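I have placed the structure first, in the form of structure tokens, so that the comments after it can refer back to it.
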Amino acid sequence: MNFVAKSTEDLSKIASEIIQNATYKIFILKGEMGVGKTTLSKELIKQLGSQDEVQSPTFSIVNEYRASNGQAIYHFDFYRIKNEEEALDMGYEDYFYNNSYCFIEWAEKIPSLIPEKFHEISLNLDLDQNREITFT
């Protein structure tokens, strides 16, 4: 699925469609620094019914939120890790394999640790500075 977000107001509808069409709970968000991965993650988490204030997990690596049904939602940012061993040390398996939603930024830092089944969301800027979002 392909989407174009001309403003942040478009993200709510896009996030809703992504959640409605998802078959897995693991989401890899790809894109350059500043393209809007965290902003889209906030909308995706909101679509799951979370009332929590979503913050970037850049310094903490992972933030936990609650969906409207009480289920945990995890938001990761692996930008600052130096190697996969750091993810191993934090117990990534407890997050990725407990049937909770996981939104993962900078997954390319942990390529061999990503579960087999996941959705990829790629974000790019077009010539007009709109966000092109591809969901697979």
Side-chain angles (χ1 to χ4, degrees):
M1 300 177 78
N2 296 306
F3 306 96
V4 175
K6 295 183 179 182
S7 70
T8 55
E9 287 78 32
D10 296 335
L11 293 178
S12 179
K13 183 175 188 237
I14 292 168
S16 176
E17 287 196 44
I18 288 172
I19 294 297
Q20 288 174 15
N21 287 286
T23 53
Y24 311 119
K25 291 185 175 182
I26 304 290
F27 296 81
I28 307 296
L29 289 96
K30 289 187 168 188
E32 297 295 320
M33 180 80 72
V35 77
K37 295 180 297 295
T38 298
T39 302
L40 180 57
S41 293
K42 289 178 182 183
E43 279 300 321
L44 291 162
I45 293 166
K46 185 177 173 183
Q47 288 299 318
L48 293 170
S50 178
Q51 300 295 316
D52 298 326
E53 181 66 31
V54 177
Q55 301 292 323
S56 174
T58 300
F59 294 101
S60 60
I61 300 177
V62 62
N63 288 341
E64 181 178 342
Y65 304 101
R66 291 283 164 198
S68 57
N69 64 3
Q71 183 179 21
I73 303 167
Y74 300 106
H75 181 201
F76 297 85
D77 184 334
F78 288 109
Y79 182 75
R80 294 192 175 280
I81 70 166
K82 293 175 180 57
N83 54 51
E84 288 184 338
E85 191 166 316
E86 288 183 48
L88 289 167
D89 290 344
M90 70 175 279
Y92 83 96
E93 306 100 326
D94 295 337
Y95 299 102
F96 289 4
Y97 297 102
N98 74 1
N99 200 33
S100 294
Y101 281 93
C102 293
F103 298 95
I104 306 166
E105 299 181 37
W106 300 101
E108 55 269 30
K109 297 270 196 152
I110 57 162
S112 67
L113 304 181
I114 299 301
E116 186 177 307
K117 295 181 179 182
F118 63 89
H119 290 291
E120 183 174 298
I121 303 172
S122 297
L123 293 94
N124 294 292
L125 284 178
D126 69 13
L127 295 175
D128 295 321
Q129 300 300 301
N130 298 317
R131 268 57 176 184
E132 297 176 336
I133 301 169
T134 303
F135 171 67
T136 54

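All values reported here derive from a predicted model rather than from experimental measurement.
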Pairs where residues 20-32 contributes a residue and the test salt bridge (charged side-chain N to carboxylate O under 4.0 Å, His left out) is met, not counting sequence neighbours:
Lys30-Glu120

Ile45 and Val35: same hydrophobic cluster, using ILVMFWY side-chain contacts below 4.5 Å?
yes

In Å, rounded to the nearest 0.5 Å, how long is the span from OG of Ser41 to NZ of Lys46?
14.0 Å

Ala72: partners by side chain to side chain contact (heavy atoms under 4.5 Å, CB included), with sequence neighbours left out
Glu64, Arg66, Tyr74, Ser100

Does Ser56 offer a backbone N or O that forms a donor-acceptor pair with the side chain of Glu105 under 3.5 Å?
no

Residue set satisfying side chain to side chain contact (heavy atoms under 4.5 Å, CB included) with Tyr24, at least two apart, ordered chain then number -> Lys117, His119

Any link between Ile19 and Leu11 through a network of hydrophobic side chains (Ile, Leu, Val, Met, Phe, Trp, Tyr) touching at under 4.5 Å?
yes

For residues 79-95, which residue pairs pass the salt bridge (charged side-chain N to carboxylate O under 4.0 Å, His left out) check, not counting sequence neighbours?
none

List the steps, then state whether side-chain contact (heavy atoms from CB on, under 4.5 Å) holds for His75 with Thr38.
CA-CA 9 Å; His75 181 201; Thr38 298; 4.1 Å; yes

side-chain contact (heavy atoms from CB on, under 4.5 Å) partner of Phe103, the single match among Leu44, Asp77, Val54, Ile26
Leu44

Is there a path of hydrophobic side-chain contacts, each under 4.5 Å between heavy atoms, that joins Phe135 and Ile28?
no

Report yes or no: do Ile73 and Ile114 belong to one cluster of Ile/Leu/Val/Met/Phe/Trp/Tyr joined by side chain heavy-atom distances under 4.5 Å?
no

For the residue pair Ser122 and Glu132, establish whether any side-chain heavy-atom pair is separated by less than 4.5 Å.
no

How many angstroms lie between atom CZ of Phe76 and atom OH of Tyr92, to the nearest 0.5 angstrom?
11.0 Å

Does a side-chain heavy-atom distance below 4.5 Å link Ile18 with Phe27?
yes

Test of understanding: clusters of I, L, V, M, F, W, Y form through side-chain heavy atoms closer than 4.5 Å, transitively. Do Ile121 and Ile104 belong to the same one?
no

Donor-acceptor check, side chain of Lys37 to backbone of Leu123, threshold 3.5 angstrom: yes or no?
no

Verify, without hydrogens or angle tests, whether Asp126 (side chain) and Asp128 (backbone) share a donor-acceptor contact under 3.5 angstrom.
yes

Is there a side-chain contact (heavy atoms from CB on, under 4.5 Å) between Met33 and Tyr79 once you walk through the steps?
CA-CA 10 Å; Met33 180 80 72; Tyr79 182 75; 3.3 Å; yes

Minimum heavy-atom distance Glu108-Pro111, with the two atoms named:
O-CD, 3.2 Å

Evaluate side-chain contact (heavy atoms from CB on, under 4.5 Å) for Asn124 paired with Arg131, printing each intermediate quantity in order.
CA-CA 6 Å; Asn124 294 292; Arg131 268 57 176 184; over 6 Å; no

Leu40 vs Phe3, test: side-chain contact (heavy atoms from CB on, under 4.5 Å). Steps then yes/no.
CA-CA 12 Å; Leu40 180 57; Phe3 306 96; over 6 Å; no

Please check this pair: side chain of Asn63 against backbone of Gln55, looking for a donor-acceptor N/O pair closer than 3.5 Å.
yes

Rounded to the nearest 0.5 Å, the CD atom of Gln47 sits from the NZ atom of Lys42 at a distance of 15.0 Å

What pairs with Lys109 under side chain to side chain contact (heavy atoms under 4.5 Å, CB included), at least two apart in sequence or on another chain?
Phe78, Ile81, Trp106

Looking at every non-hydrogen atom in both residues, tell me the closest pair between Pro115 and Phe96 and how far apart they are.
CD-CD2, 3.7 Å

With Asp10 via side chain to side chain contact (heavy atoms under 4.5 Å, CB included) - residues at least two apart:
Ala5, Lys6, Ser7, Ile14

